[in-house]
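A short worksheet on the structure shown next.
We name chains A, B, ... by the order of the sequence lines, and we start the count at 1 in each one.
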Number of protein chains: 2
Amino acid sequence: MQDTAKSPEDAEGENINLSELIVRDINIGIFGPGEWLKQVDLEQRYGVTRIAVRRVLDELVAKRLVEHIHNRGYRVYALGPKQRREVSEIRTLLETAAAGGIVEQATKQDIEELTVLAENFKQAAYYGTILEQIDANRNFHNRLLELCTNESLTELIMELRQRGPAAPVTRWRTVAQLAKATEDHFRIVDAIRRRDVEGLKAVITSHINDKGPNLDLSKE
Amino acid sequence: MQDTAKSPEDAEGENINLSELIVRDINIGIFGPGEWLKQVDLEQRYGVTRIAVRRVLDELVAKRLVEHIHNRGYRVYALGPKQRREVSEIRTLLETAAAGGIVEQATKQDIEELTVLAENFKQAAYYGTILEQIDANRNFHNRLLELCTNESLTELIMELRQRGPAAPVTRWRTVAQLAKATEDHFRIVDAIRRRDVEGLKAVITSHINDKGPNLDLSKE
DNA sequence: GTTGTCAATATTGGCGCCAATTTATAAATA
DNA sequence: TATTTATAAATTGGCGCCAATATTGACAAC
């Protein structure tokens with residue numbers, strides 16, 4: 001598939017796969033925040049052994065996507081509003097820092113491809129399932145981050161992006177938010193095309209922090 | 001070396017402990033970069049079971065401190081110069097970002113304690129073993145980071161600080177470097193005392209990136 | 001009706017065992 | 001002697017089993 005070109009450490013290939021599956025299911029909301037992840041359920045759902053389940057869960061604990069309580073088990077990490085703000089702040093910091101390199105690095109070819117991916121997300125936003133939206137969104141952002149010259153930074157951002165229930169529940173709760181995300185993507189590509197670093201930073205900041213109109217914003 | 005009274009609530013307390021032990025031994029240089037970490041050796045050295053060893057190693061893989069190759073085992077991750085520069089860049093970004101909050105937050109009490117810890121490090125630098133130096137250094141920086149208002153940022157920085165062979169081999173190869181680190185610590189406290197955010201950022205940046213005089217700097 | 005106690009059930013998590021695989025050693029061949 | 005091949009040793013890593021612990025549900029006491 002369109003998976004990362006290189007995976008030199010296809011070591012525990014199945015685990016990596018399983019990890020992605022679970023992360024996606026958490027993002028979709030199949031496993032909600034705070035929900036217990038019973039090992040037996042996971043074995044059956046994904047058709048893997050207990051050992052594989054445990055290892056992946058431990059991995060996700062290290063990534064702060066789930067938490068582990070001794071003799072109780074694993075459960076989906078539930079970020080409070082404070083933590084969500086903190087992570088957003090960090091992401092803003094890192095992703096705007098990446099902006100400079102991205103603008104410098106981007107070739108015409110890159111911009112073309114990003115345009116296509118932004119278009120793909122638009123299609124998914126209108127006609128696709130939540131799962132397709134998530135995939136399209138990830139494809140766009142991954143491609144974008146490939147342009148970052150600092151590989152470690154890229155990895156860190158990717159890791160941070162999937163922390164917390166990053167997906168629909170938190171992000172695209174309304175059609176309006178989905179529309180804003182779509183627009184943001186095009187604005188990002190535009191800023192790169194114009195080689196406008198400051199503009200790019202502004203769009204990225206807005207993309208991370210202003211999720212768009214939301215009825216119960218007063219809550220937070 | 002027997003377990004003290006079993007404390008049920010401190011989750012995988014033993015593992016956390018073991019994790020810190022191994023990290024420290026990597027930092028000291030007992031396990032050098034690229035060295036294989038044989039599971040049997042680790043069981044014996046730390047007097048723990050195989051399961052515990054494996055779990056901690058997997059955790060360290062997630063933290064990018066060791067790498068795992070299937071059917072070969074785990075080995076200490078060896079950062080190339082490029083990656084080391086990248087991580088330094090990220091750390092500079094994050095730690096200077098934390099500076100603002102630190103200056104705002106710091107009370108007289110905090111500054112007093114930091115002074116003591118900086119003094120402790122100085123003592124360790126002159127009269128202590130490498131291990132004591134590492135501990136003193138960590139104590140100072142941990143206390144400093146406690147002042148950061150963004151807890152998630154604090155955690156992330158701490159994690160990043162121990163990535164890669166962060167310790168003597170890489171950091172304080174010479175007495176001159178050790179002296180510079182000592183001085184930096186006092187400068188950091190001074191900047192906080194003066195509420196000089198920009199000054200603090202400058203010192204931190206220097207502390208991370210300019211390791212001080214080094215004979216073979218031409219190499220990099 | 002509510003609360004407390006205790007047994008039954010469900011779940012987690014540690015450990016030993018052994019197959020799969022790699023690395024080291026020795027023999028054999030050119 | 002150098003190189004390849006075969007054999008032995010060492011190491012990793014998956015799996016089932018079962019004890020420790022938590023949760024549920026029933027039942028009794030107030």
Side-chain angles (χ1 to χ4, degrees), chain A residues 7-22 25-26 30-78, chain B residues 1-22 25-26 30-78:
Chain A
S7 57
E9 65 284 4
D10 51 2
E12 48 266 328
E14 299 185 8
N15 286 359
I16 286 178
N17 198 14
L18 176 59
S19 171
E20 284 175 3
L21 282 177
I22 295 183
D25 284 346
I26 290 177
I30 293 179
F31 303 121
E35 187 172 339
W36 290 103
L37 297 170
K38 292 184 193 171
Q39 299 179 7
V40 212
D41 292 350
L42 297 186
E43 312 181 30
Q44 291 176 348
R45 163 175 262 267
Y46 302 105
V48 294
T49 72
R50 160 110 15 153
I51 282 284
V53 168
R54 281 196 218 169
R55 167 170 292 189
V56 169
L57 286 177
D58 281 334
E59 179 192 326
L60 296 185
V61 167
K63 289 186 179 172
R64 298 209 168 68
L65 230 101
V66 310
E67 65 180 331
H68 182 222
I69 302 175
H70 192 73
N71 281 329
R72 294 283 305 278
Y74 300 84
R75 69 164 136 182
V76 180
Y77 201 90
Chain B
M1 296 308 264
Q2 290 290 11
D3 328 357
T4 50
K6 303 216 171 182
S7 44
E9 55 247 316
D10 89 52
E12 51 265 329
E14 299 186 10
N15 286 358
I16 286 178
N17 198 14
L18 177 59
S19 171
E20 285 175 2
L21 283 177
I22 295 183
D25 283 346
I26 290 177
I30 293 178
F31 304 120
E35 188 172 339
W36 290 104
L37 298 170
K38 291 185 194 170
Q39 298 180 7
V40 215
D41 291 349
L42 297 185
E43 312 181 30
Q44 290 176 348
R45 163 175 263 265
Y46 302 105
V48 295
T49 71
R50 160 114 9 156
I51 281 284
V53 168
R54 281 197 218 168
R55 168 170 291 191
V56 169
L57 285 177
D58 281 335
E59 179 192 326
L60 296 185
V61 167
K63 288 185 179 173
R64 298 208 167 69
L65 231 102
V66 309
E67 64 179 332
H68 182 224
I69 302 176
H70 191 74
N71 281 328
R72 294 283 304 279
Y74 301 82
R75 68 164 137 181
V76 180
Y77 200 90

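- The salt bridge (charged side-chain N to carboxylate O under 4.0 Å, His left out) search around A:E67 returns A:R75, not counting sequence neighbours.
- Atom CD of B:Q39 and atom P of C:dC15 are 14 Å apart (whole Å).
- Counting only heavy atoms from C-beta outward, the side chains of A:Y74 and A:Q39 approach each other to under 4.5 Å.
- Nearest to the side-chain atoms of B:H68 among the listed nucleotides D:dG13, C:dT12, D:dT12 stands D:dG13.
- The existence of a salt bridge linking A:K63 and A:E59 is confirmed by a sub-4.0 Å separation between a basic side-chain nitrogen and an acidic carboxylate oxygen.
- B:L18 places its CG atom 12 Å from the P atom of C:dG14, with the value rounded to the nearest Å.
- Contact annotation: B:T49 does not reach the phosphate of C:dG14 (side-chain N/O to OP1 or OP2, under 4.0 Å).
- The CZ atom of B:R75 sits 16 Å away from the P atom of D:dT11 (whole-angstrom rounding).
- With rounding to the nearest 0.5 Å, the separation of CD1 in B:I26 from CG in B:L60 is 6.0 Å.
- Between D:dA20 and A:H70, no contact under 4.0 Å exists linking OP1 or OP2 to a side-chain N or O.
- Each of B:I51 and B:K38 was matched to the nucleotide of DNA chain D holding its nearest heavy atom; the match closer to the 5' end belongs to B:K38.
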- [ ] Give the C-alpha distance, both sets of side-chain angles, the deciding distance and a yes or no for side chain to side chain donor-acceptor pair (under 3.5 Å) between B:N17 and B:Y46.
- [x] CA-CA 10 Å; B:N17 198 14; B:Y46 302 105; over 6 Å; no
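- Following rounding to the nearest Å, B:Y74 (OH) and D:dT12 (C1') show an atom-to-atom distance of 9 Å.
- The distance from atom CZ of A:R50 to atom P of C:dG13 is 9 Å, rounded to the nearest whole Å.
- The shortest distance between side-chain heavy atoms of B:L65 and B:Y77 does not fall below 4.5 Å.
- One atom, CZ of A:R55, and another, C1' of C:dT12, lie 18 Å apart when rounded to the nearest Å.
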Nucleotide N/O to protein N/O under 3.5 Å, stretch nucleotides 23-25 of chain C:
| from | atom 1 | to | atom 2 | distance (Å) |
| --- | --- | --- | --- | --- |
| C:dT23 | OP1 | B:R72 | NE | 2.3 |
| C:dT23 | OP1 | B:R72 | NH1 | 3.3 |
| C:dT23 | OP1 | B:R72 | NH2 | 3.0 |

TODO: Assess whether side chain to side chain contact (heavy atoms under 4.5 Å, CB included) is satisfied between A:R55 and B:D58, documenting all intermediate values.
DONE: CA-CA 8 Å; A:R55 167 170 292 189; B:D58 281 335; 3.3 Å; yes
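- Two residues, B:R54 and A:R54, neighbour DNA chain C, and the one matched to the more 5' nucleotide by heavy-atom proximity is A:R54.
- Distance A:E43 CD to C:dT11 P: 11 Å, rounded to the nearest Å.
- The nearest whole Å value for the distance from the CD1 atom in A:I69 to the P atom in C:dT11 is 17 Å.
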